[in-house]
2 protein chains.
Amino acid sequence: MGERSRGITISDVAAHAGVSPASVSRVLNGRTSVDPDIVRKVQSSIATLGYAPSLVARSLVHGRNTTVAMVVPDLENPLFQGILKGLSLAAAADGYRVLVADTAERVDDEEAIAIEARQRCDALVLCAPRLPEAKLRRLVERTAPVVIVNRPLPDLDVPVVGVDYVRGIRDLVDHLVGLGHRRIAYVSGPETSASNAERLRGVDEALAMHPSVRIDLIAGGSRPEDGEAVADAVVEAHRAGVTAIIAFNDLVALGLLARLRELGVHVPGELSVAGFDDVPMARYATPRLTSMSVPRAEIGAQAWERLRTLIGGGPAPHAVLFRPRLETRESTTAPAAAGASA
Amino acid sequence: MGERSRGITISDVAAHAGVSPASVSRVLNGRTSVDPDIVRKVQSSIATLGYAPSLVARSLVHGRNTTVAMVVPDLENPLFQGILKGLSLAAAADGYRVLVADTAERVDDEEAIAIEARQRCDALVLCAPRLPEAKLRRLVERTAPVVIVNRPLPDLDVPVVGVDYVRGIRDLVDHLVGLGHRRIAYVSGPETSASNAERLRGVDEALAMHPSVRIDLIAGGSRPEDGEAVADAVVEAHRAGVTAIIAFNDLVALGLLARLRELGVHVPGELSVAGFDDVPMARYATPRLTSMSVPRAEIGAQAWERLRTLIGGGPAPHAVLFRPRLETRESTTAPAAAGASA
DNA sequence: CTGTTAGCGCGTTCAA
DNA sequence: TTGAACGCGCTAACAG
């Protein structure tokens with residue numbers, strides 16, 4: 001069954017060039033000085049034989065892959081895509097590649113997947129927004145070097161690169177309050193989501209700073225469908241006096257916008273709507289969506305930076321939190337003159 | 001410098017359990033039958049030592065990684081994201097992981113990146129819509145086993161899993177003609193894009209089938225910004241009698257929609273707009289965007305299916321082309337009663 | 001059923 | 001400067 005030969009090895013090149021494998025290795029890596037004649041012969045042999053060194057063998061010798069793993073709950077989420085892109089490009093600049101593992105939102109498999117992915121690579125970038133903190137702490141120890149993305153993890157020597165959702169929500173509330181809104185509703189994300197918890201803290205802090213403001217909670221989710229699904233509840237809240245909505249993220253906000261239009265609620269005329277994350281589509285929505293911008297690619301790049309330090313045996317890098325930037329667009333404006341509430 | 005030891009090996013386990021490395025290997029792989037006592041001792045040792053086998057060493061022995069590479073021009077494109085997700089999940093079901101390489105649209109680096117990525121893996125999924133065909137053919141030979149995604153490559157024993165863009169455009173034109181449109185404009189994609197060439201063929205075929213229909217060409221692009229940029233040209237075409245627009249893809253269509261609204265052109269009242277790919281956001285646009293649905297995840301899954309066959313030494317699988325499905329939404333409707341043209 | 005040996009392909013000592 | 005020998009960690013073949 002004409003099995004193709006196992007691939008040509010360094011010994012084949014050595015034989016063809018009439019030198020030792022060690023010499024071939026030398027010209028390959030340009031380590032020590034080699035006789036120019038040898039170099040030429042070897043290079044010629046490499047070219048004619050079409051030789052390419054086995055990266056696996058090299059990995060075994062060196063004890064590293066030049067590959068890092070990234071575990072995400074859902075590859076279709078624009079947030080993780082952006083992070084992946086940033087990570088991938090930054091790592092590539094240093095000769096590293098990224099292995100992706102999509103846990104498909106199955107929290108129970110997350111641990112096993114992360115460990116397995118880590119075994120194939122030199123390090124790990126972990127996005128596990130719903131993994132219980134205790135489990136996460138254990139996982140982090142088993143998978144070092146690792147960097148946690150997009151969720152806080154205090155009191156642990158693990159680099160975290162994340163987003164200051166607390167501050168982001170506060171800033172967003174400030175924006176709405178500045179526009180004149182006094183009754184706001186927050187459409188929350190998944191209950192177990194760490195970043196949703198952060199946002200809720202932001203809501204609390206905002207309330208503390210604005211005693212005259214009231215913020216209702218509406219149970220939502222993380223996807224456009226969830227945004228559509230809560231539209232009725234949002235309308236009801238609006239009737240009860242709410243003049244502005246903060247959605248868990250842009251996906252929810254976009255779904256909500258679509259449904260509100262069908263329900264005949266004018267945004268921002270009757271109701272202001274703001275999202276979070278500033279996904280690429282936000283600025284093309286109707287109306288263009290006000291959102292808190294998160295530096296997705298930069299998060300990925302910073303994750304790589306920290307991983308690189310760790311791989312190099314450096315000290316645990318400090319955590320870094322990006323402060324979201326308000327992107328004011330059309331979907332938020334001052335509330336209608338005549339308030340609907342008392 | 002408390003360097004952490006090199007990691008514990010199979011020999012360590014063997015020593016701890018008082019058996020040979022081979023026995024440990026046996027219980028690890030459950031190949032041949034092993035004395036139950038040995039099994040217990042080894043498992044115990046593995047547990048207490050926290051041993052995990054080196055996948056790199058295994059790869060060297062077996063000659064395979066259980067990893068496949070995927071090369072894409074842009075990880076932020078929803079089309080490739082969906083394919084990646086489908087590929088990743090399908091491969092994972094067979095114990096394979098996916099390595100991603102983003103070429104950042106740099107066509108000149110595509111070849112080198114693909115070769116490098118391939119070297120790390122057992123096979124390659126190649127998305128290279130702008131690579132000149134001659135180069136692609138050469139590349140394909142160097143990187144086998146490989147499957148080409150989303151572009152045709154005739155007369156070659158390489159499995160292609162793609163989309164029938166020709167047919168898709170024809171179906172889309174049929175839809176518009178069925179609605180009553182006679183003057184249509186196609187906002188084209190990148191000049192070097194293979195799938196744009198396919199779409200243009202679709203346009204030609206549609207014209208041949210509908211002698212009474214005229215289809216103008218407007219130079220566009222592949223991103224939302226491009227859609228915004230062509231809005232003026234689109235309005236001009238509309239003034240000249242065009243009643244429906246087909247955008248290269250949904251991203252362009254969404255950008256176009258946003259700008260048309262600002263320009264005061266009502267969609268679909270004055271102008272129908274259709275996209276291509278049916279990205280997740282299409283159905284949340286205003287108006288909800290008519291598009292040709294492409295089974296992104298399924299493409300990824302099929303790519304894996306073919307790769308798996310190839311890796312297993314099977315015969316070159318046949319090419320497969322998915323026929324896009326029309327998703328009729330709000331953005332296309334019958335043209336206004338009084339035509340603007342002569 | 002078990003241990004010993006050899007080798008996957010390469011980098012890196014150590015002599016020469 | 002060069003080559004021979006060894007080891008990275010593991011699995012497969014071969015004896016015992």
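Computed from a predicted model, the values in this text were never measured in an experiment. Every heavy atom of this structure was used, including side-chain atoms; hydrogens, water molecules and symmetry mates were not. Proteins get letters first, then strands, A, B, ... in listed order; numbering begins at 1 in each.
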Problem - Under-4.0 Å side-chain N/O to phosphate OP1/OP2 contact, B/Ser33 with C/dC1 - result: yes
Exercise for the section: Taking only heavy atoms on the protein side, list every residue of residues 21-30 of chain B lying under 4.0 Å from any atom of DNA chain D, sorted numerically. Expected result: B/Ala22, B/Ser25, B/Arg26, B/Asn29
Completion exercise
With the side chain defined as heavy atoms from C-beta on, A/Ser20 is closest, among D/dG9, C/dG11, D/dA4, to D/dA4
Problem - d(CG, B/Leu55; P, D/dC10) in whole Å - result: 9 Å
Exercise for the section: Calculate the interatomic distance between A/Asp35 atom CG and D/dG3 atom P; express it in whole Å. Expected result: 10 Å
Fill in the blank from the handout: Separation of D/dT11 atom P from B/His62 atom NE2, nearest Å, is 6 Å
Practice task
Taking A/Arg118 for its side chain and A/Cys121 for its backbone only, find out whether a donor-acceptor pair lies under 3.5 Å.
Solution key: yes
Practice task
Return the value, rounded to whole Å, for the distance between atom CD1 of B/Ile8 and atom C1' of D/dC10.
Solution key: 13 Å
Exercise for the section: Would you mind classifying the nucleic acid contact of B/Val19 as base, sugar-phosphate or nothing, using non-hydrogen atoms under 4.0 angstrom? Expected result: sugar-phosphate
Handout entry: Worked check of side chain to side chain donor-acceptor pair (under 3.5 Å) between A/Arg120 and B/Thr66
Key = CA-CA 10 Å; A/Arg120 299 170 179 257; B/Thr66 58; 3.1 Å; yes
Handout entry: B/Leu60 CG to D/dC8 C1', straight-line distance once rounded to whole Å
Key = 9 Å
Handout entry: N/O donor-acceptor pair under 3.5 Å between B/Thr143 side chain and B/Val146 backbone
Key = no
Exercise for the section: Answer yes or no: is there an ion pair linking B/Glu110 with B/Arg130, defined by an N-O contact shorter than 4.0 Å? Expected result: no
Exercise for the section: Indicate yes or no for a side-chain donor-acceptor contact from B/Ser59 to the backbone of B/Leu55 under 3.5 Å, with no hydrogens or angles considered. Expected result: yes
Practice task
Take the protein atom CD1 of B/Ile10 and the nucleotide atom C1' of D/dC8, then report the distance between them rounded to whole Å.
Solution key: 14 Å
Problem - Min side-chain heavy-atom separation A/Glu133-A/Arg151 under 4.5 Å - result: yes
Fill in the blank from the handout: In whole angstroms, the gap separating P of D/dC10 from CG of B/Asn65 amounts to 16 Å
Practice task
Could you tell me whether the phosphate oxygens of D/dG9, OP1 or OP2, come under 4.0 Å of any side-chain nitrogen or oxygen in B/Arg58?
Solution key: no
Problem - Sequence-distant partners of B/Tyr96, ring-ring contact (aromatic ring centres under 6.0 Å, His included), two or more places apart - result: B/Trp304
Exercise for the section: Please report, rounded to the nearest Å, how far the C1' atom of D/dG9 is from the OH atom of B/Tyr51. Expected result: 7 Å
